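So the structure is just underneath, and the comments pick up after that.
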Amino acid sequence: LTITNALSLLRGNGSLTLGSTTTTLNGGLTLSGGLLTGGAGTLDINGNLSMSTGSLLAPSGILTLSGNYSKTGGVFQSNGGTLTFDGTSDQTLAPGGSGALSDFSTIRENKASGTLSLSSDLSGSLLQLSQGPFLPSSHDILLGGLTIDGGTLRGSTGLLDLNGNLSLTAGTFLAPTGSFTISGNWSKTGGTFTHSGSTLTFDGTANQTLRAGSGTFKHLTVNKSSNRLQLVGSGADIEGNLTLTSGTFGIVGYTLTLSGSLTNKATFSGVTGTVILDGANQTLSGSLAFYNLTKIVTTARTLTFYPGSAYTITGALVLRGAASALLSLRSGITDTAASLKLVTGGTQTLEYLDVQDSNASNGQELVCLIATEGCLNSTNNINWLFAVAASSTASTAQDSGGSGGGGGGHRGSTEGQAARIATAHKQILARFQDHLKEGNRIIAQRSSSSTSRPTIVRRLSTSSTSSY
């Protein structure tokens, strides 16, 4: 059926039911009363669709529209079908309500040219952007899911609430600057995602996955009343803060790169995963169990750990500054040591650190040589070793404020650490033996020059130091 001019359903209780074939309306559709039932076929509207009263039960197949959609009243029901915007000029979408009165199942944009602009808040099951820009402006969008497979979503200043999955395979997604939440899975396998400086919150009650692809996030929050958010794919890059409010965030087997602070009030599962801290001054708060933890700087920076929480590393701990740019390790409360535990079997690479208020007890001794690795002991450190290499004027070892001190280095095993400590002790012993020899020489010289009476001299023996 093809109608060349506009089709209008005016006042009254009449109804029009379309069949299972394609119906084309070249002049648009206006409903100000009555009922139009779309049937099982395709309804192609080459013009505007306008509703003020009445009802439109869309076809269960496809409803295409090349003009504007305007609903100021009446009832629109999607019937499980798809509303496709395919005009070559600019189009507007004015949903005019939410819930049963404006029930969109799937809205698809497939425009070779022109834009599709939202002129009021939108509520629907799925938004699919295949071609052309979608412009939300300042309006709120509540969706059951979002698929971008070639089109462009330009971020709004309103909220974007996805009660389902996000899939980005091609095209462009510019995030909103307002509230941005998702209760389903995030999957980016292609296209471009730009964070717009916003915070993305995962708030689903079921398990969720995050496949970030090559995209970066500004801030990310996990606020799940139950279950977990699991990182999958190639890892994730967060340019701002990571906040865990409730639920579990797991990075098992993947790398999380974080430029801001990490706050944990929930559960962080870092088993076999790696966290790289690549920001400036950064803070860790709330107990955190890492597998690998790395922070390497070439400009003087500070990494702060808050006391009262446990920071545990089971894999590799890599903390490294530079010769003229130390990485400072500090407690969030001055003079109160914060826990930093490297479990047995873990490895450590500690260089050019300025350490203060750090408690490494209950784990491996953390080793950082002052002479060869450029570390600085700024006091109140427990289970740290800061060995001073022997010199012409010194023969002592500098202990930390806690359990004391010696060797360090490019570490792997406990045996390697013991060997380095033994070497430092041998250096100290050698200097001590030199002093004993010099003392014996002076005593002998004084003895031989005395003429007043015989003198009995007992020489000092280096054998007494053999167990030092």
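Since this is a predicted model, take the numbers as computed values, not measurements.
Within the structure, side chain to side chain donor-acceptor pair (under 3.5 Å) contacts touching residues 294-307 (residues at least two apart or in different chains) are Gln282-Lys295. Sequence neighbours left out, the pairs with a member in residues 326-341 that pass salt bridge (charged side-chain N to carboxylate O under 4.0 Å, His left out) are Arg330-Asp354.
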*List the steps, then state whether side-chain hydrogen bond (donor to acceptor under 3.5 Å, both in side chains) holds for Thr216 with Asp237.*
CA-CA 5 Å; Thr216 61; Asp237 188 351; 5.7 Å; no
*Could you please spell out the steps behind the salt bridge (charged side-chain N to carboxylate O under 4.0 Å, His left out) verdict for Glu351 and Arg320?*
CA-CA 5 Å; Glu351 297 176 351; Arg320 182 188 300 155; 3.3 Å; yes
*For the pair Leu93 and Leu116, evaluate side chain to side chain contact (heavy atoms under 4.5 Å, CB included) and give the outcome as yes or no after the intermediate values.*
CA-CA 7 Å; Leu93 169 59; Leu116 176 59; 4.2 Å; yes
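Proximity of a side-chain donor or acceptor of Ser125 to a complementary backbone N or O of Thr106 within less than 3.5 Å is not detected. With Asn68 contributing its side chain and Thr92 its backbone, the two residues share a donor-acceptor pair below 3.5 Å. Checked by atom type and distance alone, the side chain of Asn359 never pairs as donor or acceptor with a backbone atom of Ala338 at under 3.5 Å. Side-chain N or O atoms of Lys224 include one that pairs as donor or acceptor with a backbone N or O of Gly204 at under 3.5 Å. Not a single donor-acceptor pair under 3.5 Å links the side chain of Lys188 to the backbone N or O of Arg211. Side chain of Thr72 to main chain of Met51: a donor-acceptor pair is present (N/O by atom type, distance under 3.5 Å, no hydrogens or angles). Of the possible donor and acceptor atoms, none in the side chain of Asp90 sits under 3.5 Å from a partner among the backbone N and O of Gly114. Looking at Thr147, its side chain never comes within 3.5 Å of a backbone N or O of Ser167 through a donor-acceptor pair. Gln128 places no side-chain N or O within 3.5 Å of a backbone atom of Thr82 that could act as its donor or acceptor partner. Put simply, the side chain of Asn79 never gets that close to the backbone of Gly81: no donor and acceptor are under 3.5 Å apart.
Ala266 and Gly247 get closest at one heavy-atom pair: CB-O, 3.1 Å. Here the closest non-hydrogen pair linking Ala175 and Ser196 is O-OG, 2.7 Å. The heavy-atom pair separating Ser120 from Gly96 by the smallest distance is OG-N, 3.6 Å. For the pair Leu118 and Ser137, the tightest heavy-atom approach, listed with the atom from each and the gap, is O-CB, 4.3 Å.
In this structure, a donor-acceptor pair under 3.5 Å is present between the side chains of Ser130 and Asp149. If you check the side chains of Asp44 and Thr64, you find a donor sitting under 3.5 Å from an acceptor. In the model, Asn383 has no side-chain atom that pairs as donor or acceptor with a side-chain atom of Ser361 under 3.5 Å. Counting only N and O atoms by type, the side chains of Asn110 and Asp86 include no donor and acceptor under 3.5 Å apart. Side-chain contact check for Lys265 and Thr243: no donor-acceptor pair (N or O, by modelled atom type) lies under 3.5 Å. Judged by distance alone, the side chains of Asn223 and Thr245 never bring a donor and an acceptor atom under 3.5 Å apart.
How far CG of Asp357 is from CG of Asn380: 4.5 Å, rounded to the nearest 0.5 Å. One distance of note links CG of Leu329 with OG of Ser358; it measures 6.5 Å at 0.5 Å rounding. Here CG of Leu153 is found 9.5 Å from CD of Glu109. Values are rounded to the nearest 0.5 Å. Rounding to the nearest 0.5 Å gives a distance of 9.0 Å between CG of Leu288 and CG of Leu242. Here the CD atom belonging to Glu239 is positioned 6.0 Å from the OG atom belonging to Ser259, to the nearest 0.5 angstrom. Separating the OG1 atom in Thr334 from the CD atom in Gln356 is a distance of 7.0 Å, to the nearest 0.5 Å.
Checked against a 6.0 Å centroid threshold, the rings of Phe217 and Phe193 count as neighbours. Under the 6.0 Å cut-off for aromatic ring centres, Tyr69 and Phe104 qualify, their centroids lying closer than that.
No more than 12 heavy-atom neighbours from other residues, nucleotides or ligands sit within 6.0 angstrom of CZ on Arg154.
Each of Thr181, Leu142, Ile182 was compared with Leu162 under the side-chain contact (heavy atoms from CB on, under 4.5 Å) criterion, and only Ile182 meets it.
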